[in-house]
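Let me begin by presenting the structure, written as structure tokens, before commenting on it.
Just so it is clear: chains get the letters A, B, ... in the order the sequence lines come, proteins before strands, and each one is counted from 1. All heavy atoms count here, side chains included; hydrogens, waters and symmetry mates do not.
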Number of protein chains: 2
Amino acid sequence: MERETLIETFIEEIRQRFARVFLDVLVLKLVQIEPMWGYRIIKETERTFGVKLRHSALYPLLHSLEVKGFLRSRREVKKGRVRKVYDITSKGIQFIDFYHDFLREQLQTLKLKK
Amino acid sequence: MERETLIETFIEEIRQRFARVFLDVLVLKLVQIEPMWGYRIIKETERTFGVKLRHSALYPLLHSLEVKGFLRSRREVKKGRVRKVYDITSKGIQFIDFYHDFLREQLQTLKLKK
DNA sequence: TACAATATGTCCTATTTCGGACATATCAAG
DNA sequence: CTTGATATGTCCGAAATAGGACATATTGTA
């Protein structure tokens with residue numbers, strides 16, 4: 001019995017593709033809400049978006065976002081546990097703003113060049 | 001001499017990442033404007049977006065979009081040359097509509113679940 | 001008649017990415 | 001005192017993807 005794939009399935013695939021490919025943007029947006037450390041970002045993305053991040057992907061990403069100047073970090077010791085709390089920079093905010101402009105552009109009606 | 005990478009460079013990278021990862025969406029949108037065949041899609045994306053598509057990526061993509069029911073094709077013979085003209089289906093239009101809804105969602109202010 | 005453009009397709013390897021394993025340390029609870 | 005949660009990191013093999021090469025046919029132009 002042939003079963004037609006529901007359109008919702010394809011949209012769910014888009015959702016997952018987006019989360020995978022624009023993980024950097026997701027992380028910047030989370031940190032923009034409030035400063036966070038890696039472990040909490042993992043818990044928060046699972047709780048809020050149902051997306052399970054692997055820490056082996058997240059920690060190197062946080063490092064590269066710091067190198068790019070989009071995040072800055074400070075060490076924080078809470079009850080003997082060392083946390084690396086990340087905060088978004090003005091450059092990071094600017095990047096997110098540009099990114100949103102780009103998304104709005106994608107929502108415009110496509111026109112071919114004459 | 002250390003040279004800080006311009007924010008525009010990162011935005012350009014986003015643009016390219018988008019074109020690479022959401023090539024299916026770009027193709028659907030182009031075909032939505034007017035029915036097209038593979039070769040013309042390649043020429044049109046280069047002219048309009050400056051994105052060079054490889055035909056080895058496009059043709060299998062067109063096939064899979066047809067299998068998914070987002071496109072339908074008809075053979076057209078123009079001056080002895082066989083063209084496979086693709087047209088968007090109602091399912092394809094629905095997909096693009098859902099995709100736009102998703103983009104609008106991405107533009108909303110992020111809020112963490114309490 | 002040879003070359004560029006139009007037109008569609010597959011194949012295979014190199015590169016990239018993914019995701020689980022390895023590694024380590026503290027604290028809280030049972 | 002052991003297990004689970006918190007916390008941060010690296011490494012490496014497998015899987016997926018990218019992109020150039022291979023393949024073929026017609027038409028238009030120099």
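In terms of position on DNA chain C, the residue among A/Val21 and B/His63 whose nearest nucleotide sits closer to the 5' end is B/His63.
Look at CD on B/Glu46: it is 15 Å from C1' on C/dT6, rounded to the nearest Å. Distance, A/Leu53 CG to C/dC18 C1': 13 Å, rounded to whole Å. Between the CG atom of B/Leu23 and the C1' atom of D/dA18 there is a distance of 12 Å, given to the nearest Å. Between A/Tyr59 atom OH and C/dA21 atom P there is a gap of 18 Å when expressed in whole angstrom units. One interatomic measurement links the two molecules: NZ of B/Lys43 to P of C/dT8, which rounds to 12 Å at whole-angstrom precision. Rounded to whole Å, the distance from CG on A/Leu61 to C1' on D/dT10 is 16 Å. Here C/dT8 presents its P atom at 10 Å from CZ of B/Arg75, a figure rounded to the nearest Å. As a whole-Å value, the separation of B/Glu44 CD from C/dT6 P is 12 Å.
Note on ring orientation: taking the six-membered ring where Trp is involved, the planes of A/Tyr59 and A/His55 are perpendicular (angle over 60°, cut-offs 30° and 60°).
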Passes salt bridge (charged side-chain N to carboxylate O under 4.0 Å, His left out), B/Glu8 versus B/Arg15? Steps please.
CA-CA 10 Å; B/Glu8 283 76 15; B/Arg15 215 170 269 280; over 6 Å; no

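Note that CD of B/Glu44 is 11.0 Å distant from CG of B/Leu26, once rounded to the nearest 0.5 Å.
Aromatic rings of B/Phe10 and A/Phe70 (six-membered ring for Trp) have centroids within the 6.0 Å cut-off, being under it.
Salt-bridge annotation for B/Glu34 and B/Arg40: present, with a side-chain N of the basic residue lying under 4.0 Å from a carboxylate O of the acidic one. A salt bridge links A/Glu76 with A/Arg74; the closest basic N to acidic carboxylate O contact falls under 4.0 Å. Taking the charged nitrogens against the carboxylate oxygens, A/Asp24 and B/Arg17 do have a contact shorter than 4.0 Å, which makes a salt bridge.
Considering all non-hydrogen atoms of both residues, B/Leu103 and A/Leu107 come closest at CB-CD2, 4.0 Å.
A heavy-atom distance below 4.5 Å is not found between the side chains of A/Tyr86 and A/Trp37.
Contact annotation: B/Tyr39 does not reach the phosphate of C/dT8 (side-chain N/O to OP1 or OP2, under 4.0 Å).
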Using a 4.0 Å heavy-atom cut-off, write out nucleotides 25-30 of chain D from 5' to 3' as B (base contacted by protein), S (sugar-phosphate only) or - (no contact).
-BBS--

Detail all sub-3.5 Å separations between protein N/O atoms and N/O atoms belonging to nucleotides 20-23 of chain D.
| residue | atom | partner | partner atom | Å |
| --- | --- | --- | --- | --- |
| D/dG20 | O6 | B/Ser56 | OG | 3.1 |

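Residue B/Arg20 is in sugar-phosphate contact alone, with no base atom involved, counting any heavy-atom pair closer than 4.0 Å across all strands shown.
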